[in-house]
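The structure is given below, and queries will be raised subsequently.
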Number of protein chains: 2
Amino acid sequence: MTIAPLAATTTASVLAQRLREAIDAGRWQPGELLRQEQIAAEYGVSRIPVREALAQLQSEGLLEIAHYRGARVSRPQAAEIDELFDLRLLVESDLLTRAFSRHDQRSLRELTRLQDRLEDADDRLGWISGDIAFHEALYGPAERPRSLALFRQLRAPIDRFSAQALGPRARKQGWADEHRQLIAAVAVGDAAAVQKILEQHLQATRAVVLAACSGEGDD
Amino acid sequence: MTIAPLAATTTASVLAQRLREAIDAGRWQPGELLRQEQIAAEYGVSRIPVREALAQLQSEGLLEIAHYRGARVSRPQAAEIDELFDLRLLVESDLLTRAFSRHDQRSLRELTRLQDRLEDADDRLGWISGDIAFHEALYGPAERPRSLALFRQLRAPIDRFSAQALGPRARKQGWADEHRQLIAAVAVGDAAAVQKILEQHLQATRAVVLAACSGEGDD
DNA sequence: CACAGGATAATTGTATCCAAAAATTGCTGC
DNA sequence: GCAGCAATTTTTGGATACAATTATCCTGTG
């Protein structure tokens, strides 16, 4: 028998997740105002949980909220994106180093399964969430909850642009190839290769995201 | 004549700052519940800004909020503290490397001034905020706003225990010595020494904090 | 016609009130 | 005396109502 899923969830957190996806999907352009009343009406709730969700997204760096002046989608400068990728490199290298020797048959199969599912996803949001799941499984054996949370946090302001860049099929293929190479390198225990592939993966992503980011901010 | 300081501040953010200090000062023990009504009455506001402040402190890792069950001061496990220090080492080493060659006469004087003021502070909270100011000035020339924000974030759950550890005068002196050494090493341009001192500084702090953290959780 | 000034509207921040969930108390039966 | 259960109390989450601030529009003046 199954346990009821125990809805230990608040309206605000559900809203936050929905808004996160909506922002990644490009529903609001950078700089555009998110009206509390409008969002509240749309989801059939009052403004209180909306405000809490917006505050949450602000702390994640997706929004900028000015006193009495509303919340708008943040428009990160190229330098900021660059800095985020540098930090990702630091944190993810560390995570992967620690996870590397702890992977086993089961975790590698899980990685392959996640990658299969990822490549099956046809919409952009599915790719993004699948990519997050893949990397979390890749870093999971490190058993570093705080670093993993940081990984998610560092991605959040970036994924919006990654989703945009998923248009060309070539990029998807390159992305998938790198993931497969990562699995293979972990499987054969080649530590140096693992690090090198991860760095290439992140550098390639950085280039694409920077292009998407600077190509959009034109108003 | 002076311009009014433009209170671009919300009740919730002021509350959050006050509560942060109160937690660092040890007003609530780890695991202890923070009652919304009580805090609201104490500061003469309604529960709405109190809830927003609590949510903010949760996102900083100072509180754990359970659905319908209240907010309590988080009690980080030793492993988590350890992980936070590892991350601090990664981020702060990177920041200091980048800031290193950008320091000049003026910034070094500023560092000395901050350190003087720090050592004058007689209360624990003054030390903590002074220490934060010192490190921010030390990393400031790197011009890495995101990393600096991350530095603050990684400290937040730790400072509570640092404040406790400030009891023995010996620790204060050692702390101050390491700061002076850092300034000196930056001044003479000894990159290797700078990194080594920073690492010692953080490792020493880690040991003290771990002791304070594990010595307290005894209920 | 550009622009300053002020009334008006729109929007956010906070207080008050109600509903839902959890903790507590007290009763009942054994 | 105590385990189990139900009513009560307490506390949190959310909705509605009001206050404070900002944005908009209109008008008059140079």
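Lettering of chains follows the sequences in order, A, B, ..., and the numbering in each one begins at 1.
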Looking at B:Glu83 and B:Arg206, does any basic side-chain N land under 4.0 Å from a carboxylate oxygen? no

Could you give the CZ-to-P distance, from B:Arg69 to D:dG13, as a whole number of Å? 11 Å

Nucleotide C:dT12, atom C1' - distance to CZ of A:Arg72 in whole Å: 13 Å

Spacing of B:Leu54 atom CG relative to D:dT12 atom C1', expressed in whole Å: 11 Å

Any donor-acceptor pair under 3.5 Å from A:Ser13 side chain to A:Thr10 backbone: yes

In whole angstroms, the gap separating P of C:dT16 from CD of B:Glu37 amounts to 10 Å

First locate atom CG of B:Asp24, then atom CH2 of B:Trp127, and finally report the distance between them rounded to the nearest 0.5 Å. 15.5 Å

Considering only nitrogen or oxygen atoms on both sides, find all protein atoms under 3.5 Å from nucleotides 15-18 of chain D and state each distance.
| from | atom 1 | to | atom 2 | distance (Å) |
| --- | --- | --- | --- | --- |
| D:dA15 | OP2 | A:Ser46 | N | 2.8 |
| D:dA15 | OP2 | A:Ser46 | OG | 2.9 |

Would you say A:Gln77 has more than 12 foreign heavy atoms packed within less than 6.0 Å of its CD? no

Regarding B:Leu34, tell me which of base, sugar-phosphate or nothing describes its non-hydrogen contacts under 4.0 Å with the strands shown.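 Sugar-phosphate contact only - B:Leu34 comes under 4.0 Å of backbone atoms but never of a base.
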
Grab the OH-P distance between B:Tyr68 and C:dA23 for me, whole Å please. 13 Å

Under 3.5 Å, is there a donor-acceptor pair linking the side chains of A:Gln56 and A:Glu52?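 Result is no, nothing qualifies.
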
Quick one: B:Gln38 CD to D:dT12 C1', roughly how many Å, whole number?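 In whole Å, D:dT12 C1' and B:Gln38 CD are 15 Å from each other.
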
Is B:Gln36 close enough to D:dG13 that one of its side-chain N or O atoms is under 4.0 Å from OP1 or OP2 there? yes

Between B:His135 and B:Tyr139, how do the two ring planes meet: parallel, tilted or perpendicular, split at 30° and 60°?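 Tilted: the ring planes of B:His135 and B:Tyr139 meet at 30° to 60°.
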
Is the phosphate of D:dT12 approached by B:Arg35 (side-chain N or O, under 4.0 Å from OP1 or OP2)? yes

Check side chain to side chain contact (heavy atoms under 4.5 Å, CB included) between B:Asp104 and all other residues, then give those that pass, not counting sequence neighbours. B:Arg106, B:Ser107

Figure out the CD/P separation between A:Glu52 and C:dG13, and round it to whole Å. 13 Å

Please give, in whole Å, the distance from D:dT12 P to B:Ile39 CD1?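 Those two atoms, CD1 and P, are 9 Å apart.
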
